[in-house]
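Read through the structure below, which is laid out as structure tokens, and then see the notes.
Please read all numbers here as calculations on a predicted model, not as lab measurements. Letters A, B, ... are given to chains in the order of the sequence lines, protein chains preceding strands, and every chain is numbered from 1.
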Amino acid sequence: MEKRGELIEKAYGGSLRAHKSPDRPYLIEKISRNDPSEVIISFSGSGAVKDWYSQRNFGETKIDLSLFPSLRSIGSDEPALVNETFLKRFHGIISLARPSLADEVEKAMGKKKQIVFAGHSSGGPMAILATLWTLEKYQAPHSRGGIPPLCVTFGSPLIGNHIFSHATRREDWSRYFVHYVMRYDIVPRILFAPLSSLDQSFEEISQSFNPRSRYFLSESVGRSSSILDFYFTIMSNAAIVTSHDASKLMCITDTTLETLEIFIPLSPYRPFGTYIFCTGNGNLGKKIAITNPNAVLQVLFFSAQLSTEAEEAQVAYRSLKEHAIYGTELQQIAAQNFVHLDQQQLQKLPLSEDDAGGSNDLGLSPRARLCLRAAAELEERKCENEKKLKEKRSFIEKKLTKELGEYREMWAHQRVGFYDGFREHKKAEDFKANVTRLEIAGVWDEIIEKLRNHELPDEFEANEEWVDLGTRCRKVVEPLDIANYYRHGRHYEDDASSYMVKGRPKRYRYPQRWLEHAKRRPREAISTSCFWAEVEQLRYKTSNGDVSDRDVEERVVRLVGQIEEWSKKEELDKDVFLEGSTFVKWWRTLHPRYKNQPYITSLIRE
Amino acid sequence: MSLTQSFSSGIVQAPFVTSSRLLRKTWGVISSGDEDVVPHVGKGLVWKVCEESDLTVLVFDVKNDFDLQQNLVSSTYLKENNNFHRFEFLCTKKIPEFSVNWSAVSLFIDNLEKLDELKSKINSSHPLIVTGHGVGGAIASLFTVLLLESIGSGKKRLLCITFGSPLIGDKKLQEAIAQSSTWSSCFLHVVSCKNSLTKKLIPHPTDYMPFGTFLFCSDTGATCFGNPESVLELLVSLINDQSQGFEVVDYGKLVENLYRKAICKDLIPRGLYLTDSTSLNASIRLQLCAALGLTSDMQQLQHQNTDINALATKLEELEKFMSQKKVKFDPSKTLNMKKIDMANLEWYKKYCKSQGIGYYDCFKKETKKDTSKVDTSSTVSQDVILPQKSLRNYWIDMVEEAERKPQTEAAAFRTRWLFAGTNYRRMVEPLYIAEYYADGLSKDYEAKGRSRHYVVLEKWLEEDKKEKGDSKGKTKKNVELILTFDSCFWAKLEEALLLCGQLDDLKENVEAKGKLLEFENYVYESLKKYEVSPEIFLKGSSYMTWWNKYKESADNHRLASFMSNRQHFDQYTEGAYSFP
């Protein structure tokens, strides 16, 4: 704790020094007294409108997945949204050849040093993106490893939307992010408001957090008359976002809320990582740590609320002043002043301020406390849902290994591929296998629906056991789905009605993406489990003996290549090449140019 | 059992509305004397349309001296006596009619032509707010109700906001609108705890029923309620509470005040103890404080007309009841189970085919055996009867659910389930027909025996075809595994068999002959379109029985020439036979 406290203080020192040289992309400080020694990389802020908002509204954009491949929802393949100007500034920093941030990080990682990325104010987002970039590069599976970096921000604005938060929690990265926020500091709340609502006042007020301005961190800005409007506008917009999300927490399916969303513009930004709220009484004040992102959002609004309207001028002044006083707040923090509002505490949070204990210093009203309880309830519900699904895992396991395992064996004994056997569908066993397929599908469809409604924990799609089960189900069950699709003739002439386009259920699409993400593999156009779909489709297209079609030709060539690759990795079952299989029968109809292809001929002969 | 607690979300929904500019902007349009916006003047009614780049606001207003009567008129009466059919789309089998306030609707009818013109000009993709103050709001509600017809289940871009407006309809109207959660989500009624108009229209709470979300406002706060029972409870208690008389409410001021206060903490009256409350109870009591503007000592309040704690308890019960009611029939949950039933039947069909009979005749035979013997342990009852019954119950519920839904939503629902429903009908109805004819006594299935849900399912398919245009060019293909398109094929065949019997007796029965010829042509045309499963050609099939009896007197030579050679059946199965 003490060492960490010291580190935080140093990170803050570095962040302030970075502000003093706003023309340098970052500052590096090496501290080698400790073991492992630390490297603090800090970023300066910027106050110019163009460095905060890219358009008149909230200025968000899709994140650059080539730099941050993990920042998306995996199954639905939806990228996180991030503030466009912050992303642009970071692009500028990371693409500089000299000084090269990548080289510095590589050096520190190589020497097993603890890197701390730090930033105050809008330096925070740079530190956040640098940390995520490093995590993507060094902490993803099969990467080079090293000590995970730490990110410390002070009064940083928000940067990404709910998927941003979801993805960092799924990767178990959110613990590397610590955000210090003073109870009334206005800067972390600014992006709740659209630029159009701030207009002129942003230019004026931002002088106080623009390192290039002579009013940087000066109290005089807080005395201007526009601070009242600025504070009020941002807080009303914070109220919109927090009450909207709280309504969703308390009642998931509310159509009135959906209708209102069309008429009330809503900021996309949401907090992530660990927030430490400082109450502003120097080293005597409490430091309240919260990790539940929904709870953090609520506290961001409620802790800066007014007690009465009369307080407005005073609080508005304070809202700027507190952005400049993190230093005094961080000195010699005693351990007993730390309060961690964890899941259990949030769930049982007292509703009256009189018996509220540590959390009292944030001035949370009973309504605020109800919202925090609701945030904890949601997490609880998600965990319960996952627990219920876990119980069904052994059911799938049994169906998969025992019932379908025996089914495959039966066909293997008869020297018939199980795909072809099932496609013929003549035996009682085929029928039983079809029922088993449907039973397994039932559980998966439930999982996918829960996932899409955000009713499962953030970590779900990265859970190895589920990824593995999904992969095995794809391997064994998906060919049956494909066989069924083509057996019933649900495809017609064009590719638009093929299994891959129209028939493939989400219960296979999602787990394929899970696996590709877990292994950091590039996206496969045809996964091994879809081998038969491609064969069926090509068979249909070449049924008139014509392979002259350019597209068909390319696809045949591609398939040949993939069969080679899969066979070498032993991913493709041998029964595919049995005499009389759907594949072999089709292969024989092809032009000699293809059917005499030596590798595949050798596979068939075996 | 869930361990999680529940909340009443109105406590946070209200600040979502009040802290935004939505109400201020809307009220701004109502109260503005903007000269650019020319008001349209109708009979006793004025409206103006204010268009902005991202939003259109439509305001209704009535003349000051307009006297709103309290009597209701039924939608049936309006249809029959006033030729007013526009409410019909809200009516369903369960809710055949409802009643609305007569004064309001007659004001509407007086201006019908102009309002229709207004309606036709509305661009449904552009967000629209329909609003009004007092009676003007009631007209806005009515107008919005009529706009619901064009709202699908997609994005809703319509919102009706009323300020201190009287209720407009009875419980049936509320129920009709609650059929679709999309519809009831389009109404937001702002009501001050000091309002006088609401009192005017609910002297008999049994006659009128609120619908939509109500935003109850006081000087100190606001809260939302969406459950009509809770809203009514609060409206009634407001009237009792303010028995000393009402002030005229300035909604502009009220809305502005709430906007300013949205960033302040709630005022908690002294003596409100929440320490031992559940989350639900606490949220409701806080809601009441906000709605009624309670600031003083809770103890004192008990001596006034309203007993806050009793009201809170009652509302809590209503909210609990509503949240239980929300768990309803969700067809997608059990769909996979039903697919297993279908797989069972598919297997049965296959088994029968291997016996050379076809599943229709096989099932008919076994049903006959079953009814003659008392033995119920037959294999049929296990493998076929159970899945058949469970599928039937499922689809009867499903069709009923779809019919309960308002038209536009029902359409989306049908498209989603059409494929599975058609498959089910083609697979299971023949079994139902087999049961019907098994005893040898019943006849005329299509007119007398057919279950309604089959009729409805078939109608859906017809409508869908009409919409998408019949798909052509796919007639010739392998039909080995298809299900006969016309699920009543076997009923038609049974009737033909019965007629064949008559043919022997009465050689000159013209009517029977005519019907048989009709059937003959029907079979030929269906075969030509490749819409019949080749299982009818199996040796033990009733179809073959019929053909053997009938072929001597057959008239359709093309059918006879097709039937004359068994090889044609195989060609047909492969989709290779060319019908002349």
Side-chain angles (χ1 to χ4, degrees), chain A residues 232 235-240 242-244 246-247 249-251 253-260 262-265 302 305-309 311 350-352 354-355 363 365-368 370-371 373-374 377 380-381 384 425-426 428 431 434-435 438-439 441-442 445-446 449 487-489 492-493, chain B residues 2-9 11-17 19-20 22 55 127 129 155-159 181-182 184-186 188 213 224 226 259-266 268 273-275 277 279 282-283 286 326 332-333 335-337 339-340 343-344 346-347 350 474 477-478 481-482:
Chain A
F232 181 83
M235 283 301 282
S236 322
N237 280 286
I240 295 175
T242 47
S243 52
H244 169 270
S247 305
L249 292 173
M250 292 184 183
C251 177
T253 51
D254 186 337
T255 41
T256 308
L257 204 60
E258 283 172 18
T259 304
L260 290 170
I262 290 171
F263 295 90
I264 301 174
F302 283 114
Q305 247 188 331
L306 301 176
S307 296
T308 61
E309 275 181 277
E311 248 187 23
L351 293 177
S352 281
D354 314 331
D355 34 33
S365 66
R367 174 149 60 96
L370 279 169
C371 293
R373 276 190 180 187
E377 288 296 330
E380 178 75 15
R381 267 203 309 275
E384 268 177 48
H425 220 75
K426 288 223 164 94
F431 156 72
N434 197 17
V435 171
L438 287 165
E439 284 168 338
D445 285 353
E446 191 190 332
E449 194 186 299
R487 181 166 74 93
H488 288 302
Y492 299 117
E493 280 88 42
Chain B
S2 167
L3 298 165
T4 49
Q5 321 169 12
S6 58
F7 301 85
S8 177
S9 65
I11 190 175
V12 280
Q13 209 175 61
F16 178 49
V17 176
S19 59
S20 74
L22 182 66
L55 180 72
I129 291 177
K155 274 222 163 190
K156 319 105 207 172
R157 300 182 173 276
L158 173 64
L159 182 62
S181 57
T182 308
S184 38
S185 78
C186 293
L188 180 67
T213 301
C224 285
Y259 176 66
R260 297 300 308 181
K261 283 217 166 90
I263 65 162
C264 298
K265 283 197 204 177
D266 309 318
I268 307 294
Y273 297 113
L274 300 171
T275 310
S277 303
S279 298
S283 34
L286 286 172
K326 271 190 182 160
S332 54
K333 284 257 147 59
L335 185 68
N336 276 299
M337 294 310 290
K339 282 189 183 161
I340 292 177
N344 268 304
E346 199 196 328
W347 177 247
K350 200 145 217 165
K474 292 172 198 158
K477 61 169 187 175
N478 191 309
L481 292 170
I482 66 156

Okay, B:K339 and chain A: the region with an atom under 4.5 Å from a heavy atom over there is both
Is it the side chain or the backbone of B:I268 that comes within 4.5 Å of chain A heavy atoms, both, or neither?
-> side chain
SB check B:K265 A:E311 (cutoff 4.0 Å) | no
Counting only heavy atoms closer than 4.5 Å, note whether A:S236 contacts chain B via side chain, backbone, both or neither.
-> both
Region of A:A368 in contact with chain B, defined by heavy-atom distances below 4.5 Å | neither
Where is the tightest heavy-atom contact between [X] and [Y], given as atom of each residue plus distance?
| X | Y | answer |
| --- | --- | --- |
| B:S9 | A:M250 | CB-CB, 3.8 Å |
| A:F263 | B:L159 | CE1-CB, 3.5 Å |
| B:A343 | A:V435 | CB-CG2, 4.3 Å |
| A:S243 | B:V12 | CB-O, 3.1 Å |
| B:F16 | A:I264 | O-CD1, 3.8 Å |
| B:A262 | A:Q305 | O-NE2, 4.3 Å |

Mind ranking [options] by heavy-atom pairs under 4.5 Å with chain A and telling me who comes out on top?
| options | result |
| --- | --- |
| B:L22, B:I129, B:I340 | B:I340 |
| B:L55, B:L188, B:L286 | B:L286 |
| B:R260, B:K350, B:E346 | B:R260 |

Can you tell me how far apart [atom1] ([X]) and [atom2] ([Y]) are? Round to the nearest 0.5 Å.
| X | Y | atom1 | atom2 | value |
| --- | --- | --- | --- | --- |
| B:S185 | A:L257 | OG | CG | 10.0 Å |
| A:L370 | B:F7 | CG | CZ | 6.5 Å |
| B:S283 | A:R367 | OG | CZ | 12.0 Å |
| B:D266 | A:S307 | CG | OG | 11.5 Å |

Is there a side-chain contact between B:T213 and A:L260, using heavy atoms and a 4.5 Å cut-off?
-> no
Relative to chain B, which of A:P366, A:A238, A:S365 shows the most heavy atom pairs under 4.5 Å?
-> A:P366
Plane angle bin for A:F232 and B:Y259 - parallel if under 30°, tilted between 30 and 60°, otherwise perpendicular = perpendicular
